[in-house]
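So the structure is just underneath, and the comments pick up after that.
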Amino acid sequence: MRIGFALLVGLHGLIHLLGAAKAFRWAEVAQLKQPISPATGTVWLAAGVILIVAAVAVGVSARWWWWLALPGVLLSQWLIMHAWGDARFGTVANIVIAVPLLLLLVDALPSSFGSRFISDRTMLLARPGRPVTVVSEADIVTLPPLIQTYLRRVGAVGRARPRNLRVVFAAQMRGSPTEPWMEARATQYEFFDAPARLFHMNATKGGLPVDVYHRYVDSAATFQVRLVGLYPMVNAKGQAMTNDETVTLMNDVLVMAPAAVLDLPFTFETTGEHTLHATFTNAGFTVAAELTFDTNGDLIGFTSKDRAHGREGGDAVWSTPLSGYREVHGIRIPALGDANWIDSAGEWTYGRFEIRDIAYNVTR
């Protein structure tokens with residue numbers, strides 16, 4: 001879709017060069033019957049160049065593409081209005097280009113999920129935290145052997161204890177086993193001194209943008225979804241939501257920042273050669289999960305019965321199989337993870353996540 005949009009913007013820009021060609025007599029342009037002065041031709045040329053550069057910016061995913069597209073569309077439409085008989089069909093292209101520009105304006109509103117995400121992130125990053133210390137062998141000696149091995153394998157020993165993290169995901173999401181996948185991109189911040197989680201995702205459903213915001217701050221969680229940044233699809237909150245997000249926070253710690261278990265209220269009980277029963281307490285909720293490790297000591301499975309309040313019957317099991325261990329900026333993590341439900345229909349995947357970037361103890 002991005003490449004198609006870039007081609008549309010570029011072609012629209014190239015068509016504007018016809019106005020300059022007629023004005024400066026570079027070529028015969030039979031399609032344009034009205035005379036065009038050199039001054040107006042300069043505007044046609046400027047609009048064309050601006051739109052072509054904007055198309056290149058869209059093609060390379062430059063976030064500043066709209067800085068050029070907006071004046072380009074305004075100039076284009078002004079020209080079309082003054083040459084309506086010859087150029088009126090260009091209005092259709094301008095309307096198509098204007099749609100994502102309007103969505104960006106909506107996202108810039110203080111009430112948008114994007115603006116709230118940035119505001120919440122800034123507020124949480126400004127909170128004072130404990131001094132950062134390095135994880136030592138002495139710190140992990142009281143933990144079960146499986147957790148000790150896991151912390152060593154991910155490289156936690158000898159590294160700074162995580163106080164927060166920022167992670168970027170590529171994702172696919174769906175609402176049921178039969179629905180088509182939505183392509184998505186998400187950014188998440190997690191804080192461990194006073195546990196908090198911010199998760200902002202942009203997806204596309206049926207060609208329309210879907211905005212998702214999970215917010216878990218000061219012992220209260222919300223989950224909101226909007227279509228086109230305006231129409232509310234989901235607005236979940238309350239104790240059940242906070243309980244479920246506590247399970248998600250527990251999962252995030254174990255998967256992406258396992259050394260944080262040293263500073264958070266976790267308990268572990270060995271239940272088998274490769275399994276542990278874990279509990280985590282926050283916001284007045286104590287949640288539990290079963291952890292599975294492979295023969296090398298890597299965490300490969302997390303299942304919990306405590307995150308099903310939004311599911312029919314409330315008795316589904318939440319599962320997150322993990323794989324694809326690799327180093328990202330020197331940190332070893334399971335870069336691939338699914339989010340599954342195990343319910344009366346069996347086990348099915350509603351989310352697929354790939355970690356594209358991760359950083360710890362960030363300041364922005």
Aromatic contact, [X] with [Y] (centres under 6.0 Å):
X	Y	result
Tyr150	Phe293	yes
Phe223	His214	yes
Trp44	Phe24	no

Using the rule that two of Ile, Leu, Val, Met, Phe, Trp, Tyr join whenever any of their side-chain heavy atoms come within less than 4.5 Å, decide whether [X] and [Y] are in one cluster.
X	Y	value
Phe268	Leu264	yes
Val49	Leu11	yes
Leu336	Trp348	no

Hey, what do you get for [atom1] ([X]) to [atom2] ([Y]), rounding to the nearest 0.5 Å?
X	Y	atom1	atom2	answer
Asn243	Asp306	CG	CG	6.0 Å
Arg307	Met241	CZ	CE	6.5 Å
Phe302	Glu290	CZ	CD	9.5 Å
Ile97	Leu70	CD1	CG	11.0 Å

Show the numbers, then the answer: is there a salt bridge (Lys or Arg N to Asp or Glu O under 4.0 Å) between Asp263 and Arg161? CA-CA 9 Å; Asp263 301 311; Arg161 295 193 187 205; 2.6 Å; yes

With side chains defined as the heavy atoms from C-beta onward, is the minimum distance between [X] and [Y] less than 4.5 Å?
X	Y	value
Leu249	Glu190	yes
Pro144	Leu276	yes
Leu198	Tyr216	no

With a cut-off of 6.0 Å (strictly less than), are more than 12 heavy atoms of other residues, nucleotides or ligands near CH2 of Trp26? yes

Quick one about Asn251 and Thr320 (side-chain donor to acceptor, distance below 3.5 Å, no hydrogens or angles considered), yes or no? yes

Item checked: Parallel, tilted or perpendicular: rings of His12 and His16 (30°, 60°) -> perpendicular

Would you call the rings of Phe117 and His200 parallel, tilted or perpendicular, taking 30° and 60° as the class edges?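 Plane angle between 30° and 60°, so tilted.
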
